[in-house]
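Lettering follows sequence order; numbering is per chain, from 1. Every value quoted in this text rests on a predicted model; they were computed, and no experiment measured them. Heavy-atom basis, side chains included; hydrogens, waters and symmetry copies ignored.
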There are 2 protein chains.
Amino acid sequence: MTSLSARDAGSRPRATMRQVAELAGVGIKTVSRVINGEPNVTPQTTQRVLDAARALDYQPDLHAGNLRRADRRTRTLGLLVGSVDNPFSGAVHRAVEDAAAERGVAVFASSLDDDPQREREAVAAFLRRRVDGLILTTATADQTYLEPELRHGTPVVFVDREPSGIETDAVVSDNAGGAARAVEHLLAHGHRRIAYLGDLHSIQTARERRRGFLDALDRAAVPADDAPVIEDLHDQGTAREALLRLLDGPNPPTAVFSAQNLITIGALHALRERGRHRDTALVGFDDVELADLLEPGVTVIAQHPEDLGRIAAERIFERLDGDDAPSQRVVVGTTLIVRGSGEIPPPGGRRT
Amino acid sequence: MTSLSARDAGSRPRATMRQVAELAGVGIKTVSRVINGEPNVTPQTTQRVLDAARALDYQPDLHAGNLRRADRRTRTLGLLVGSVDNPFSGAVHRAVEDAAAERGVAVFASSLDDDPQREREAVAAFLRRRVDGLILTTATADQTYLEPELRHGTPVVFVDREPSGIETDAVVSDNAGGAARAVEHLLAHGHRRIAYLGDLHSIQTARERRRGFLDALDRAAVPADDAPVIEDLHDQGTAREALLRLLDGPNPPTAVFSAQNLITIGALHALRERGRHRDTALVGFDDVELADLLEPGVTVIAQHPEDLGRIAAERIFERLDGDDAPSQRVVVGTTLIVRGSGEIPPPGGRRT
DNA sequence: ACTAGATTTGACATCGTTGTCAATCAGGCG
DNA sequence: CGCCTGATTGACAACGATGTCAAATCTAGT
């Protein structure tokens with residue numbers, strides 16, 4: 001009676017290799033050979049094993065095998081991004097997944113919301129699951145805590161943001177260069193009073209973009225005092241409010257550089273609300289969907305998240321394949337996409 | 001000499017519980033107790049073990065433990081969506097991740113691109129990794145192949161699309177209802193010649209939306225012959241071309257219902273290209289970013305992907321907690337968001 | 001001082017698989 | 001017919017952890 005209790009819910013536990021072996025009337029090691037496509041099994045035996053496996057709906061337990069296997073690979077990768085909900089992260093994720101899928105590798109994804117504690121927890125959770133490698137958009141200021149993992153041989157590649165405190169591979173956008181390009185574009189159209197709307201100062205890319213912004217102004221000999229620099233915006237709402245305050249202030253900017261995709265959207269809202277979208281220039285960092293259909297279209301410095309993700313994943317696999325060259329830093333360029341909002345002239349129509 | 005070869009690259013393998021036990025001078029089972037917070041260990045012993053674990057940078061191997069543990073839980077979930085790159089999927093993913101993270105569960109995500117073969121492979125890949133449950137937006141016409149997994153006790157929950165061939169939980173949007181609502185909205189504004197632009201006919205939700213569209217026309221006694229029904233569009237490009245053909249044709253529609261987010265974007269492009277965006281009404285299914293900033297704003301039937309994801313994840317966890325009630329079907333309502341494009345009257349200005 | 005009872009601890013089998021190695025088998029050759 | 005060779009097969013240990021259970025230690029009551 002009680003021996004049947006496993007069937008109570010009409011369910012029996014998943015079949016093991018031992019049960020397949022028993023049904024096929026062979027040894028367990030022979031099943032292992034068939035499942036793993038090892039040589040030296042007769043076609044008849046192979047067939048018997050496959051039939052038994054099918055009959056029992058056998059699925060090998062990758063982790064049990066991995067425990068004993070020599071290479072100790074789980075064929076699993078851990079990806080840490082800002083949020084799987086953000087289009088930029090989504091594109092990175094997709095590229096990583098595609099590169100991984102080609103190699104039969106599954107991807108764990110986790111959203112950090114730029115929270116250092118979440119990063120530490122997510123990394124630990126992935127390591128306990130023995131991922132073969134980590135790809136991360138860091139949220140912490142210092143990643144020294146990853147040092148031991150690197151020594152244990154787990155490859156770590158940074159995407160979008162550079163590592164600090166450890167020596168490891170990184171794939172990043174040309175943040176300072178892209179930001180400078182945006183500013184130069186606005187300067188070329190005659191603007192002198194350009195506002196900077198940026199993400200949390202704790203984020204490395206945000207600081208880089210700010211640096212690019214200020215450097216470009218400096219090179220053009222535009223006093224930075226003219227430029228309202230607003231930082232620590234972290235979503236559409238705060239960005240919108242910040243720009244509304246500027247627009248309602250005594251000396252509003254004639255142009256705006258919004259340094260992140262959600263900030264750009266917040267800025268667009270603020271401009272529309274004040275009806276200033278046709279006379280205030282705007283260049284955003286990172287492209288946004290439908291930007292081309294707005295009136296005016298939104299000029300942006302586009303990043304190439306697919307490239308970032310693809311290159312990062314390739315780097316991980318090269319490391320896993322034994323590449324032990326010194327750590328590399330790959331910079332992916334940005335592209336200025338002219339659509340209208342960045343070409344609006346300042347009120348006076350000043351020209352070079 | 002050779003005994004040191006493990007350090008060749010300056011790396012030593014990851015520490016095991018045995019090594020922690022040795023360093024702490026205790027038995028391996030005592031380390032297990034400390035790591036898992038089991039009772040009956042003196043504070044001094046606990047401290048010695050924790051010190052040793054820290055010194056060796058010990059991370060328990062979740063999968064090794066799981067092999068022996070009674071509950072056999074990997075604390076891992078598999079999520080299969082259209083593409084992690086699509087905003088709708090991203091929102092579902094984020095909601096699932098949040099619900100999972102609360103419970104210390106990690107999430108594997110995989111993109112299917114509506115390819116049935118990819119679905120089968122991804123499911124197998126997840127099962128071999130012994131995920132505790134599967135949440136999927138199916139790409140196959142029939143999911144009978146999942147029947148054995150259900151019997152083995154792996155909970156499966158469908159999101160966005162309904163299962164076929166198996167009895168299991170599903171969380172879906174009110175596709176037919178939402179589509180009908182869109183059509184009724186356009187009818188109320190006087191339109192009679194409404195085009196339907198839909199996704200692949202093989203996709204269940206696409207068929208549901210088409211059904212809702214046709215039903216609403218039927219109820220209004222509008223002959224379906226008037227309505228150009230175009231299906232099997234699967235990206236922005238094909239949707240754009242299809243609508244361009246309609247607009248350039250002999251008797252163009254006065255209103256358009258685009259039944260998916262990428263199709264809506266393609267339709268928007270087509271309308272702009274022909275300069276018809278101010279006189280052709282448009283209602284899209286599924287909201288798109290920046291839809292409110294276009295001119296006119298894009299009226300949509302918004303889905304609630306966060307709710308779909310959250311409810312699906314909760315369902316999985318209820319099943320894992322032992323809920324064995326008959327499978328449920330949860331329908332999440334849609335919301336009509338009026339923004340302008342859906343309220344454009346037909347040329348004649350006919351009114352009810 | 002001695003023992004019952006509770007607390008703390010560790011030896012050992014075990015989970016599902018793969019690596020090692022020896023046993024068996026078929027066929028060919030002297 | 002016996003022996004060698006190479007192909008085929010399976011017994012067994014091991015991977016890193018946990019469950020079981022008994023041994024060791026402590027506490028308190030007589």
In this structure, how many angstroms lie between the [atom2] atom of [N] and the [atom1] atom of [X], rounded?
X	N	atom1	atom2	value
A:Ile28	D:dA11	CD1	P	10 Å
A:His63	D:dG16	NE2	P	15 Å
B:Gln59	D:dG16	CD	C1'	14 Å
A:Ile35	C:dT17	CD1	C1'	11 Å
A:Glu22	C:dG16	CD	P	13 Å
B:Arg68	C:dT17	CZ	P	16 Å
B:Met17	D:dA14	CE	P	20 Å
B:Arg72	C:dC15	CZ	P	9 Å

What nucleic acid atoms does [X] come within less than 4.0 Å of, heavy atoms only: base, sugar-phosphate, or nothing?
X	value
B:Asn66	nothing
B:Asn40	base
B:Ala21	nothing
A:Pro39	nothing
B:Arg33	base

Nearest to the [X] side chain among [options], which nucleotide is it?
X	options	answer
A:Lys29	D:dT9, C:dT18, D:dG16	C:dT18
A:Ser32	C:dT17, C:dT18, D:dG16	C:dT18
B:Thr30	C:dT9, D:dG10, C:dT18	C:dT9
B:Leu67	D:dT18, C:dT18, C:dC15	C:dC15

**Report entry** Any side-chain heavy-atom pair of A:Leu136 and A:Val159 under 4.5 Å
**Finding:** no
Query raised in the report: Do A:Thr74 and A:Arg129 have side-chain heavy atoms sitting under 4.5 Å apart?
Result: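 With C-beta onward as the side chain, the pair stays apart.
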Query - Under-3.5 Å donor-acceptor pair between B:Arg69 side chain and D:dT18 base - result: no
**Report entry** Other residues, nucleotides, ligands: >12 heavy atoms within 6.0 Å of A:Glu121 CD
**Finding:** yes
**Report entry** Aromatic plane relationship, A:Phe126 with A:Phe108 - under 30° parallel, 30 to 60° tilted, over 60° perpendicular
**Finding:** parallel
Does the side chain of [X] get closer than 4.0 angstrom to OP1 or OP2 of [N] through an N or O atom?
X	N	answer
A:Thr45	D:dT8	no
B:Thr42	D:dT25	no
B:Arg130	C:dG16	no

Report task. Using the closest heavy atom to pick a nucleotide of DNA chain C for each, name whichever of B:Val26 or B:Ala64 lands nearer the 5' end. Result ->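 Closest to the 5' end, via its nearest nucleotide, is B:Val26.
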Report task. Applying side chain to side chain contact (heavy atoms under 4.5 Å, CB included) between B:Phe158 and each of B:Leu80, B:Thr138, B:Asp169, B:Thr137, report the one that passes. Result ->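 Among B:Leu80, B:Thr138, B:Asp169, B:Thr137, the one meeting side chain to side chain contact (heavy atoms under 4.5 Å, CB included) with B:Phe158 is B:Thr138.
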Report task. Check whether any side-chain N or O of A:Thr144 sits under 3.5 Å from a backbone N or O of A:Asp142 as a donor-acceptor pair, and report yes or no. Result -> no
